[in-house]
Amino acid sequence: MNFVEVIARKRDGLSLSHEEIAKFVNGAAQQSLPPEQLAALLMAICWRGMDPEETRWLTEEMLHSGEVWNLAGVRPDVVDKHSTGGVGDTVSLVLAPLMAAVGTPIAMMAGRGLGHSQGTLDKLAAIPGFNTSWERDGLLRLLDECGAAIIEQSERIAPADRVLYGLRDITATVPSLPLIVGSIMSKKLALGASTLVLDVKWGSGAFRSTIEDAVELAAALRRVARDMGVACEAVITDMNQPLGPALGTACEVRAAVDVLEGGGSPALAEVTLRLAEELQVLRGGDRQSARKDLAAALASGEARAAWDRIVVAHGGDPDPERLAQPKKRVDVTARAEGWVGEVDGTALGWVAVDIGAGRRSRNDELAFGAGLLVHVRRGERVAAGQPLASLLVGERAVDEEDLVERVSGAFHIADQAPAELVPILGTVEETIADGGEGR
Ligand code: URA
């Protein structure tokens with residue numbers, strides 16, 4: 001096969017065969033095709049797209065480029081969750097103990113921070129001793145011990161994705177729908193839980209900023225999962241402002257514990273409960289009783305107790321007092337009275353990265369005490385001088401003045417109340433039926 005012809009076919013808007021896609025993916029995984037040709041095809045896919053069949057073949061080939069753990073084969077009861085990413089997205093830290101508390105084992109392969117968003121692995125690294133480096137046997141042991149496993153992605157899972165993602169990052173081809181679907185789903189399917197819920201974010205702090213784009217991505221991800229035998233639902237949720245009150249590592253662990261103790265952020269609790277409910281329904285549960293059981297697990301302290309068991313099973317210290325503290329807290333206040341309007345979640349996410357909760361370059365050290373607390377939400381009335389957010393300054397040397405300016409600029413204080421945005425739009429079908437108004 002002449003690979004130049006494959007690139008030309010996609011450049012001209014034609015569909016590729018399964019064999020041509022296999023050649024592309026193997027060429028990436030085994031580095032038998034030059035990066036120039038891989039990059040050229042990535043750009044052609046970005047422009048011309050892929051039909052559902054091509055997208056499924058791409059995902060299948062990426063999945064089989066490495067180890068396939070096939071959890072469903074040994075533990076058909078295990079569920080998984082994936083978020084397309086955002087800021088203040090502390091859901092995984094609440095969802096795992098919640099599912100464990102209602103007897104539904106959950107396994108998640110989590111990532112480090114990506115761009116402006118903080119990663120679950122980085123948040124867990126703030127817990128002294130918490131180990132996320134487990135192979136398949138270790139993951140199965142964790143599920144037996146505590147009902148949940150949150151682990152880092154094995155190097156051997158979907159190696160083609162690592163090569164292709166690296167090239168996408170430097171060729172402006174990250175936003176392509178089929179490439180995103182292949183990248184996300186190859187890793188999910190390699191873990192191989194039988195049941196999967198997808199949290200697809202829309203809004204200024206998300207990957208896909210419009211509702212239409214989020215719906216399109218949710219439908220494409222779900223289609224591939226279902227075509228490959230996974231019981232899957234996707235929920236579209238709001239990322240026009242941080243979901244929870246904390247952006248960082250240790251501070252997000254505290255925000256999760258607050259929800260697990262029956263308080264904390266209502267938006268974070270609401271989104272987590274909805275995703276948990278979808279998982280229970282996918283497993284054959286009744287929606288109303290699933291919601292009742294989940295709410296009871298939060299209220300009774302069972303989910304909080306499950307969190308401690310999960311931390312201990314992963315080798316961590318469950319005492320929240322052992323989490324790193326900031327060295328200093330700097331409040332950022334409203335300069336005028338008014339209504340909180342647009343909140344630039346991406347800008348806040350970058351502030352959290354720069355203060356020490358993320359990395360601008362690969363070798364940056366995280367500062368676990370650092371982060372950002374957000375005190376107001378869109379639609380709230382604020383007085384001049386009222387704190388909008390607080391910088392948690394940690395071990396990293398930072399330009400406080402610059403960070404204060406950036407946080408201040410991220411909150412638009414308006415003369416009128418903004419249009420309401422609900423945290424949950426619903427499934428693909430609900431979102432389309434409601435015209436994006438939410439329930
Ligand atoms: N997350 C991934 O793993 N891959 C993408 O392409 C986008 C988000």
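Predicted model, so just to flag it, every value in this text is computed and none were measured. Ligands are counted one by one from 1 in listed order, and the atoms in each one are counted from 1 as well.
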Value rounded to 0.5 Å, distance of CG in Leu58 from CE in Met185: 12.5 Å
Any N or O of Arg168 closer than 3.5 Å to N or O of ligand 1: yes
His82, any N or O under 3.5 Å of ligand 1 N or O: no
Polar atom proximity, Tyr165 to ligand 1 (N or O, under 3.5 Å): no
Identity and separation of the nearest protein heavy atom to atom 3 (O) of ligand 1: Lys187 NZ, 2.5 Å
Any Leu348 side-chain heavy atom under 4.5 Å of Phe411 side chain: yes
Trp350 six-ring face occupied by Arg360 cation (under 6.0 Å, within 45°): yes
Top protein contact for atom 8 (C) of ligand 1, by heavy-atom distance: Phe207 CE2, 3.6 Å
Working for salt bridge (charged side-chain N to carboxylate O under 4.0 Å, His left out), residues Asp199 and Lys81: CA-CA 8 Å; Asp199 180 4; Lys81 166 256 180 188; 5.1 Å; no
With His18, the side chain to side chain donor-acceptor pair (under 3.5 Å) member among Glu53, Lys23, Glu61: Glu61
Distance-only side-chain donor-acceptor flag, Asp89 / Ser83, under 3.5 Å: yes
Nearest-neighbour protein heavy atom for atom 4 (N) of ligand 1, which is reported as residue plus atom name and distance: Ser183 OG, 2.6 Å
Nearest neighbour in protein (non-hydrogen) for atom 1 (N) of ligand 1: Ile184 CG1, 3.7 Å
